[in-house]
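Input: a single structure, listed below in structure tokens.
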Amino acid sequence: MSMDKMVCDLETGICGEAREDSIEMIDLNQPSKKITLYYVTDPICSHCWALEPVLRRFEEQYGHYFSVHTVMGGLLASWDGFADVSNGIRSPADVAGHWREVGEHSRMPIDGSLWLDNPIQSSYPPSRVFKIIQQKDEKLAKVFLRRAREAVFAFNQNIGDDKVLTNIVNQIGLDGEIIVKEAGLASGQQLLEQDFALARSLGVRGFPTIIIVNEEKKGVKIVGAKPLEYYVKGLEQALSIGKLQSQSLPALKNMLEKEELLFSKEIEALYDLKQNEVNTFIQKELSPEEYQLKEILGEIYLEKK
């Protein structure tokens, strides 16, 4: 113990730091996870990719209040008869421009040129793989979804393809061949149909949709990629409390250890930085042997060494 902690004040009757009030109310109860956050999404939903920086910040700061249940929504069954007229999408080639716009607007890198030369035929295959992994391990399913999104949005890989999916599943430490095969069985589709039914019962028609529900089955529905304060306010309403207690954010070192890859926009959103402050922040927080700094589509990103 340091010497200043040994100082005992005769007036306050305190040994140690005498700056605190002698009587104060404290609450040692950790909020019990009585709130469920349903995140209805799809592996190829570009606005869901755009939401990742905000969602990560929200979970890191307020995740002690809720448990997350990720639900697959089924964005693209197939191109037979598909049309998203409001976004001017009638064929795969139409998606490329839409994705690029979302990428430029959100600064979460999106290539999108695969829609021109190697289009995804359905978002169901990666969704089924997600469901199979989720049955085994919710945390790993989340990692798979992130890796699948990195693959399709930033690195322009067709995640409707079994080989690509097998490779991603192998990378997260599971047997890709077995899981992709399992996902292709009728039981894989049944799991997906259960999610579709849940999404319908929650009244979901677009992605991302986040529904924050309390024990009384009352809640808040937030549709589309929104700023952080929308989700904070929604959680406050579901909990019926005025102000949430936020948890302190993990250091960048810990964050990179967990995530393995972080884009500049994600670091900015997490630590309240401007784009031009990111490089200095990285150098301050990490030692050179811990990371590689790379660039894609005009955006820098961190990769764990």
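The structure presented is a predicted model; accordingly, all values stated were derived computationally and were not measured.
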Report whether [X] and [Y] are members of the same hydrophobic cluster (ILVMFWY, side-chain heavy atoms less than 4.5 Å apart, transitive linking).
X      : Y      : value
Val164 : Ile296 : yes
Val71  : Ile44  : yes
Met72  : Ile172 : yes

Taking every non-hydrogen atom, the tightest pair across Ile110 and Ser46: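 Minimum heavy-atom separation between Ile110 and Ser46: CD1-CB, 4.1 Å.
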Step-by-step salt bridge (charged side-chain N to carboxylate O under 4.0 Å, His left out) determination, Glu150 to Arg146: CA-CA 6 Å; Glu150 288 169 2; Arg146 168 65 186 205; 2.7 Å; yes
Check this for me: [X], atom [atom1], are more than 12 non-hydrogen atoms of other residues, nucleotides or ligands nearer than 6.0 Å?
X      : atom1 : result
Lys142 : NZ    : no
Gln171 : CD    : yes
Lys217 : NZ    : no

Give the intermediate values and the outcome of side chain to side chain contact (heavy atoms under 4.5 Å, CB included) for residues Thr209 and Lys221. CA-CA 7 Å; Thr209 295; Lys221 180 159 79 172; 3.7 Å; yes
Quick one: does any side-chain atom of [X] pair with a main-chain N or O of [Y] as donor and acceptor, under 3.5 Å?
X      : Y      : answer
Asp195 : Leu192 : no
Asn158 : Pro119 : yes
Tyr65  : Gln245 : yes
Lys34  : Leu239 : no
Asp84  : Ile89  : no
Asn156 : Leu114 : yes

Aromatic plane relationship, Tyr38 with His69 - under 30° parallel, 30 to 60° tilted, over 60° perpendicular: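 Perpendicular: the ring planes of His69 and Tyr38 meet at over 60°.
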Parallel, tilted or perpendicular, judged at 30° and 60°: which one describes the rings of Trp49 and Phe263?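 Judged by the thresholds at 30° and 60°, the geometry between Trp49 and Phe263 is perpendicular.
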Test salt bridge (charged side-chain N to carboxylate O under 4.0 Å, His left out) on Lys304 and Glu257; report intermediate values, then the result. CA-CA 7 Å; Lys304 190 181 99 167; Glu257 192 63 39; 3.3 Å; yes
Taking 4.0 angstrom as the limit, do Asp272 and Arg57 come out as a salt bridge?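 So Asp272 pairs with Arg57 through a salt bridge.
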Assess whether a salt bridge exists between Lys253 and Glu285, defined as any Lys/Arg side-chain N lying under 4.0 Å from an Asp/Glu carboxylate O.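 So Lys253 does not pair with Glu285 through a salt bridge.
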So Leu191 and Gln134, side chain to side chain contact (heavy atoms under 4.5 Å, CB included) or not? Walk me through it. CA-CA 10 Å; Leu191 287 171; Gln134 192 181 35; over 6 Å; no
Side-chain contact test, heavy atoms from C-beta onward, threshold under 4.5 Å: evaluate it for Ile120 versus Trp115 and give yes or no. yes
Looking at Thr70, Ile211, Ile212, which hits side chain to side chain contact (heavy atoms under 4.5 Å, CB included) with Leu37?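 Checked Thr70, Ile211, Ile212 against Leu37; only one passes side chain to side chain contact (heavy atoms under 4.5 Å, CB included): Ile212.
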Stepwise salt bridge (charged side-chain N to carboxylate O under 4.0 Å, His left out) test for Lys265 and Glu299: CA-CA 8 Å; Lys265 181 67 181 186; Glu299 289 289 338; over 6 Å; no
Under the side chain to side chain contact (heavy atoms under 4.5 Å, CB included) rule, what do Leu293 and Asn279 come out as? Steps first, then yes or no, please. CA-CA 9 Å; Leu293 194 61; Asn279 262 325; 3.3 Å; yes
Is it true that Glu193 and Gln189 share a donor-acceptor pair across their side chains at a distance under 3.5 Å?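 There is such a pair between these side chains.
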Show, in sequence, the C-alpha distance, side-chain angles and deciding distance for Tyr231 and Leu235, and conclude whether the side chain to side chain contact (heavy atoms under 4.5 Å, CB included) test is met. CA-CA 6 Å; Tyr231 304 102; Leu235 185 55; over 6 Å; no
Would you please indicate if the ring centroids of Tyr230 and Phe58 are separated by under 6.0 Å? no
Taking transitive links into account, so neighbours of neighbours count too, which hydrophobic residues share a cluster with Leu116 at under 4.5 Å side-chain distance?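 In the cluster with Leu116 there is nothing else; it is isolated.
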Under the salt bridge (Lys or Arg N to Asp or Glu O under 4.0 Å) rule, collect the residues that match up with Asp80, sequence neighbours excluded. none
Test salt bridge (charged side-chain N to carboxylate O under 4.0 Å, His left out) applied to Lys258 and Glu59, step by step: CA-CA 14 Å; Lys258 185 171 97 173; Glu59 282 192 55; over 6 Å; no
